[in-house]
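Presented below is the structure to which this report refers.
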Amino acid sequence: MLDRKFIVDNVELVKQNCKNRNAPADVDRFVALEEQRRTLQSQLDEANRKANETARSIGKAPPENREVLKEEGRRIRDEAAQIQQKLDQITSESDTIVRTIPNLSHAAAPVGVDDKANLELFRGKTPIPQFDFKPLDHVELAEKLDLIDFEGGARVAGHGFYFLKNDVVLLDLALQRYVLNVLLKEGFTPMTTPDLARNDVLQGIGFIPRGPETQIYSIEGSDLSLVATAEITLGGLFSGQTVDAEDLPLKLCGISHCFRTEAGAAGRASRGLYRVHQFTKIEMFAYTLPSESDNMLEYLRDMECRIFDGLGVPYRVVDTATGDLGGPAYRKFDLEAWMPGRGDFGEVTSTSNCTDYQSRRLNIRYRVKGEKGTRLVHTLNGTAIALSRGLIAVMENYQQADGSIVVPEVLRAWMGKDRIEGKK
RNA sequence: GGAUGGGUGGCAGAGUGGUCUAUUGCGGCAGUCUUGAAAACUGCAGUGGGAGAAAUUCCACCGGGGGUUCGAAUCCCUCCCCAUCCGCCA
C-alpha cells in the first residue's frame, strides 16, 4: 500500500495514477476519512493522557481521596473507548480503500489502460526458427513422445493438472538445475520455500486469499493458503524485520510449487501446460535500498534474458503498460517466448519493482549505521523460470522433422542426453 | 497431536498490580586521559505515530489479538512462535 500521508499530500497525482492504471479507487473519500482519523487520533491521545495522569495520581493519593479519582478515571476511559470505537470504524473503511489504491508508476512506463499499450523493447539473441515442416504444439509433441499425461492429471485432480512423464521429467529437472546454476554464479541465495503461507503474508504481497475473484486456493479451517508464487514466501520471509543497510541488496531465489485457481480464465489460451492449476517455478526476489531498485529491476530483467538466450529460445521483452500492472508493481517487464505451436509469443517471465508497496504492509525496514530511525526497503521479484511454460518453449522450439526434440546445449550435461525420442 | 517451561530493547537477562518514566551487564556512540590505541572513568542512546521553527512534548508499543482494573510487562482468555519430553510419521 501507499503511505497514507503521501496520498493526502498528493491527491491529484494519486488520482491521475489510479486513472492511468484503470484502478477505481475512491481517493477523495479516503482523504476525507484520513482527516477525520487524524482528528480522532489526537482526541484519543489526549484522553489517554488524562487517563494516565489520573491513574498515576491514585497510587500516591491518600486513601480517602481514591474513590473520587477512580470515578474520574472510569469516566475518562469511557470517553476514550467511545473515541476509539469511532476511530476503529473510520480506520477500517479507509483501510479498505487504501488497499485498492495501486502503487505509483515509473515515469517511463507506457501509459495505457490495458495490455494493448504494452511496448515491445527488444528481441532476444535467438531468431525465430523456420521449420520446413508444420510444427506441432507441445500437447501433440507430448502425445507422440509419451511425455505428459493430461488425462491422468484430470482423473486425479481435475482439468488443469497433469503428470510429467519420461524424458520430460528429466528436462524439467535439467531446466531447474541449469537456471539454478546461472543464479548461483550471480550470488543468489537458493531456497526451497513452503508451498503454503499465512493469509496475512499473501495480503502483504498483494494477493487476495478469498472472495469470488481469487486466484488463491485456501485451506479450509486454517489461516493458510497454497502459494501462487514463491514471491509470497520470499517476501514474507523478512516480514516485521529490520535489516542492516550494509547487508542490502539481498538476492534470493526460491523454488516452489505454484497453485492458481485461474478463476475467470476460461476461453483464454489454456491448452496443455500453458495455463494450469499447479506448476513449479524458480523465482528471484530482491530486497534493496530505495535508490537501487531501478537498477535491480534492469538486472533481474537481464538475468531472465540471459537464461532464455542461454536456452536458445527466441523471445521479446515487453514494458508493461500502466493499466496492465498489478497493484503492487511500480514497473514491470515481461519476457514473451516464441511458441511455434501457437505461432505467437507467450508470457514466460515477469519481473516487477514493487518499491515500498509490499514492504510497508509487511513492515520490512532497513537501518543505516549511525543514523536514527529506519526506512522501508524496496522489494522486487522476477521469474527465473516457470517450468510449465519453460517446457512449452523448449519443446516447441527444439522439435525436429522426425518428431524428436533436441535438448538445448546448456541442458545436456544436466539431462544426460541430447535428444528426446520417445520409445519406438 | 499431548505435557511442561518459555517469548522483555542490537544481544544476554531482571522485573507477579501503582516511584516502571523498564534494573543490570555486554555491545554501540560521544567525551576525558593518551603521540595513538587499549584500559579506566563520564555522558548519550529503542521503534512507530502526532504537535512544534526548534529545544521539547504527547500517544502507542514488553510475541499477536481480546479481557479484568482508576491503573497491566505483571492477572485472565485466545492465537502464534521457541525449547524439552511423549506420541505419530517420510
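Keep in mind it's a predicted model, so treat the numbers as computed, not measured. Below, chains carry the letters A, B, ... as their sequence lines are ordered, and counting in each starts from 1.
A:Ser222 pairs by the side chain to side chain contact (heavy atoms under 4.5 Å, CB included) definition with A:Ile219, A:Leu224, not counting sequence neighbours. In terms of the salt bridge (Lys or Arg N to Asp or Glu O under 4.0 Å) criterion, residue partners of A:Asp28 (sequence neighbours excluded) are, by chain and number, A:Lys15.
Of all nucleotides present, none satisfies the Watson-Crick or G-U wobble test against B:C62 with each distance under 3.5 Å. Under the Watson-Crick or G-U wobble criterion, with both distances below 3.5 Å, B:U24 is paired with B:A12. In this structure B:U32 sits in a base pair with B:A40, meeting the Watson-Crick or G-U test at under 3.5 Å. Searching all strands for a Watson-Crick or G-U wobble partner of B:G18 with both distances below 3.5 Å returns B:C70.
Checking side-chain atoms of A:Arg412 against main-chain N and O of A:Val407 turns up a donor-acceptor pair under 3.5 Å. For A:Ser239 (side chain) and A:Leu362 (main-chain N/O), no donor-acceptor pair under 3.5 Å exists by modelled atom type. Side-chain atoms of A:Glu79 never come within 3.5 Å of backbone atoms of A:Ala47 as a donor-acceptor pair (strictly under, hydrogens ignored). Remark: the backbone N or O of A:Lys50 is paired with a side-chain donor or acceptor of A:Thr54 at under 3.5 angstrom.
Of the listed residues (A:Arg37, A:Arg38, A:Gln36), just one forms a side chain to side chain donor-acceptor pair (under 3.5 Å) with A:Glu34, and that residue is A:Arg37.
Between A:Phe285 and A:Tyr287, a ring centre-to-centre spacing shorter than 6.0 Å is recorded.
At the phosphate of B:G67, neither OP1 nor OP2 sits under 4.0 Å from any side-chain N or O atom of A:Arg77. Within the 4.0 Å cut-off from OP1 or OP2 of B:G18, not a single side-chain nitrogen or oxygen of A:Asn52 is found.
Atom pair A:Arg56:CZ and B:C59:C1' shows a separation of 11 Å (rounding to whole Å applied). Going from atom CG of A:Asp88 over to atom C1' of B:G65 covers 13 Å, rounded to whole Å. Taking atom CD of residue A:Gln84 and atom C1' of nucleotide B:G65, one finds them 13 Å apart after rounding to whole Å. For A:Gln241 and B:G9, the CD to P distance is 13 Å, given to the nearest whole Å. The nearest whole Å value for the distance from the CD atom in A:Glu246 to the P atom in B:G10 is 16 Å. Computed from coordinates, the A:Arg66 CZ to B:U69 C1' distance equals 14 Å when rounded to whole Å. Counting to the nearest Å, the C1' atom of B:G64 and the CZ atom of A:Arg198 are 10 Å from each other. For A:Glu72 and B:C70, the CD to C1' distance is 10 Å, given to the nearest whole Å.
The existence of a salt bridge linking A:Arg331 and A:Asp319 is confirmed by a sub-4.0 Å separation between a basic side-chain nitrogen and an acidic carboxylate oxygen.
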Heavy atoms under 4.0 Å is the rule here; annotate nucleotides 46-56 of chain B 5' to 3' with B where the base is hit, S where only the sugar-phosphate is, and - elsewhere.
SSSBSS-----
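For the C1' atoms, the distance linking B:G9 with B:U21 amounts to 15 Å, nearest Å. B:G5 and B:C62 have their P atoms separated by 23 Å, with the value rounded to a whole Å. For B:C81 and B:U69, the C1' atoms lie 29 Å apart once the distance is rounded to whole Å. Going from the P atom of B:A22 to that of B:G31 covers 27 Å, rounded to whole Å. For B:G36 and B:G46, the C1' atoms lie 34 Å apart once the distance is rounded to whole Å. Between B:G15 and B:G7, the two P atoms lie 10 Å apart (nearest whole Å). Going from the P atom of B:A83 to that of B:C76 covers 25 Å, rounded to whole Å. The same atom, P, is picked in B:G71 and in B:U8; the two are 27 Å apart, to the nearest Å.
Using a 4.0 Å heavy-atom distance criterion, A:Leu69 is classed as making no nucleic acid contact.
Mapping A:Ala55 and A:Glu71 onto RNA chain B via the closest heavy atom, the residue that lands nearer the 5' end is A:Ala55.
Closest to the A:Arg49 side chain, of the nucleotides B:C59, B:G18, B:C80, is B:C59.
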